[in-house]
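Each chain gets a letter, A, B and so on, in the order the sequences are listed, and its residues count up from 1.
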There are 2 protein chains.
Amino acid sequence: MNLPPIIQSFVLHFGEMGSRWGINRTVGQIYALLYVSEEPLCADDIVEALGISRSNVSMSLRELQAWNLVIMRHLPDDRRDFFTTPDDIWQILRTLAEERKKREVDPTLSVLRELLMQKAGNEQERYAQSRLAEMNTLIEQLTNWYDDVKRLDTERLATLLSLGAKVTKLLDAKDRIVSIGRRRAEPDER
Amino acid sequence: MNLPPIIQSFVLHFGEMGSRWGINRTVGQIYALLYVSEEPLCADDIVEALGISRSNVSMSLRELQAWNLVIMRHLPDDRRDFFTTPDDIWQILRTLAEERKKREVDPTLSVLRELLMQKAGNEQERYAQSRLAEMNTLIEQLTNWYDDVKRLDTERLATLLSLGAKVTKLLDAKDRIVSIGRRRAEPDER
DNA sequence: CATAAATTTCAGAAATTTCTGAAATTACCG
DNA sequence: CGGTAATTTCAGAAATTTCTGAAATTTATG
């Protein structure tokens with residue numbers, strides 16, 4: 001591996017974190033490299049930059065494509081495939097959330113629903129089902145919230161984020177304001 | 001493994017999902033078993049239920065304790081350690097979020113900050129740093145939001161969730177209401 | 001359609017992670 | 001203390017995942 005120091009550190013870090021994030025080292029390194037590269041890279045660029053085998057690059061790129069985390073591009077008069085990450089980091093975040101949900105949450109939700117349809121055979125199973133029901137409800141609340149929020153454009157999403165918990169205070173304030181509005185004048189919104 | 005069918009399916013599912021969630025099969029199975037068990041279990045109960053070695057149970061419980069996902073309890077006149085999960089699933093969610101942040105996000109944030117302090121050696125590194133800066137900003141926004149929201153009590157958190165994207169609409173509405181309030185009367189809140 | 005370039009596939013090697021059984025340690029009790 | 005039950009540690013075995021090189025396939029071109 002022969003990269004400028006800052007880039008190398010970043011690439012190595014992503015490689016090490018890979019296992020915690022459910023991807024492997026090479027996939028993490030390739031992603032990091034593409035993320036900080038201004039121009040799209042072809043497979044052999046990656047081989048050279050990271051010092052890994054061509055076939056490993058091929059399989060790892062395939063993995064990244066399955067995650068929708070990289071974009072394949074073509075240059076005129078060049079039949080090689082080139083790869084980049086999207087420029088917009090908010091878009092990357094959305095993709096990441098979507099794919100992780102698909103892989104890490106949806107299968108569990110579907111198992112929970114199936115197990116909740118079954119008839120408990122004894123007291124032990126009845127208790128277990130009550131716990132599964134709690135988990136199911138929680139995950140449904142979270143995914144409903146997520147489905148709602150993911151449709152926001154970036155600007156509104158950023159607003160929502162910057163508000164954080166203040167939202168609930170705003171809600172309280174809004175209730176008071178509405179009641180003041182009702183007392184003193186008829187607002188044109190409910 | 002000899003468990004009632006519903007519990008067995010749930011335990012096996014958590015085991016399979018384990019690798020996607022960054023824990024291993026046994027840890028996933030033990031957690032699932034404890035989660036659906038009404039009474040605390042001791043290590044030998046787990047050995048028997050899951051058909052795995054005593055030492056594996058010991059190491060996996062240690063791992064779950066490191067994640068703060070299980071609680072150790074003692075029964076009178078019994079020197080064995082018993083284990084359960086917290087009853088409150090919202091509390092479980094908070095713990096999970098906290099621990100995943102600690103393991104999956106914080107190390108990256110710290111690397112990003114360090115790399116952003118360094119002086120770029122060339123144009124390639126300058127571009128890379130601009131990308132790192134974007135990532136750093138995004139992660140900071142997300143973690144600030146998280147730090148804010150995690151302090152909410154369960155009721156307010158549930159309210160926030162159920163609102164979802166409607167929050168931004170409420171904000172718009174609130175602006176209009178406030179302006180109406182201002183025009184027609186002096187509200188006692190800003 | 002022959003050739004060449006690029007990419008993918010895949011069997012087995014290498015590396016890593018997980019699991020076990022035996023031994024060591026700890027905690028408690030009379 | 002000495003004994004016993006419970007737990008932990010850890011070296012190596014087993015299982016799984018990752019990686020490679022060689023061969024096969026795909027794609028474009030004259």
Taking only residues two or more places apart in sequence or in another chain, which ones pass ring-ring contact (aromatic ring centres under 6.0 Å, His included) with Trp90(B)?
none
Within 6.0 angstrom of Arg126(A) CZ, more than 12 heavy atoms from elsewhere
no
Taking DNA chain C as the partner, which of residues 33-58 of chain B come within under 4.0 angstrom of it by heavy atom?
Ile52(B), Ser53(B), Ser55(B), Asn56(B)
Is it true that a side-chain atom of Ser58(B) and a backbone atom of Arg54(B) form a donor plus acceptor pair closer than 3.5 Å?
no
Tell me the interatomic distance from Arg20(A), atom CZ, to dT16(C), atom C1', rounded to whole angstroms.
16 Å
Apart from Leu75(A) itself, what residues make up its hydrophobic cluster, given side-chain heavy atom links below 4.5 Å?
Phe82(A)
Restricting to pairs with a member in residues 13-30 of chain A, which pass salt bridge (charged side-chain N to carboxylate O under 4.0 Å, His left out), not counting sequence neighbours?
none
Within residues 106-118 of chain A or reaching into it, pairs that qualify as salt bridge (charged side-chain N to carboxylate O under 4.0 Å, His left out) - sequence neighbours excluded
Lys101(A)-Asp106(A), Arg113(A)-Glu140(A)
Any donor-acceptor N/O pair, Trp21(B) side chain to Glu104(A) backbone, under 3.5 Å
yes
Which parts of residues 22-32 of chain A get close to DNA chain C, meaning a heavy atom less than 4.0 angstrom away?
none
Please produce a list of atom pairs where a protein N or O lies less than 3.5 Å from an N or O of nucleotides 11-14 of chain C.
none

Mind checking ring-ring contact (aromatic ring centres under 6.0 Å, His included) for Trp67(B) and listing every partner two or more places apart, or none if nothing turns up?
none
Identify every side-chain donor-acceptor pair in residues 26-36 of chain A under 3.5 Å, counting partners at least two apart or on other chains, and give the distances.
from: Thr26(A); atom 1: OG1; to: Asn56(A); atom 2: ND2; distance (Å): 3.3
from: Tyr35(A); atom 1: OH; to: Arg131(B); atom 2: O; distance (Å): 2.9

Only distances under 3.5 Å count here; give the side-chain donor-acceptor pairs of residues 91-99 of chain A to other protein atoms, sequence neighbours excluded, each with its distance to 0.1 Å.
from: Gln91(A); atom 1: NE2; to: Thr95(A); atom 2: OG1; distance (Å): 3.4
from: Arg94(A); atom 1: NH1; to: Lys150(A); atom 2: O; distance (Å): 3.4
from: Arg94(A); atom 1: NH1; to: Leu152(A); atom 2: O; distance (Å): 2.9
from: Arg94(A); atom 1: NH2; to: Thr154(A); atom 2: OG1; distance (Å): 2.8
from: Thr95(A); atom 1: OG1; to: Gln91(A); atom 2: O; distance (Å): 3.0
from: Glu98(A); atom 1: OE1; to: Tyr146(A); atom 2: OH; distance (Å): 2.6
from: Glu98(A); atom 1: OE1; to: Lys150(A); atom 2: NZ; distance (Å): 3.3
from: Glu99(A); atom 1: OE1; to: Lys102(A); atom 2: NZ; distance (Å): 3.3
from: Glu99(A); atom 1: OE1; to: Arg103(A); atom 2: NH1; distance (Å): 2.6
from: Glu99(A); atom 1: OE2; to: Asn68(A); atom 2: ND2; distance (Å): 3.1
from: Glu99(A); atom 1: OE2; to: Lys102(A); atom 2: NZ; distance (Å): 3.2

Does Gln65(B), at its CD atom, have more than 12 non-hydrogen atoms belonging to other residues, nucleotides or ligands within less than 6.0 Å?
yes
With sequence neighbours excluded, residues passing ring-ring contact (aromatic ring centres under 6.0 Å, His included) with Phe10(B)
Phe14(B)
Any residue in residues 60-83 of chain A with a heavy atom nearer than 4.0 angstrom to DNA chain C? Just list them by number, or reply none.
Arg62(A), Arg79(A), Arg80(A), Asp81(A)
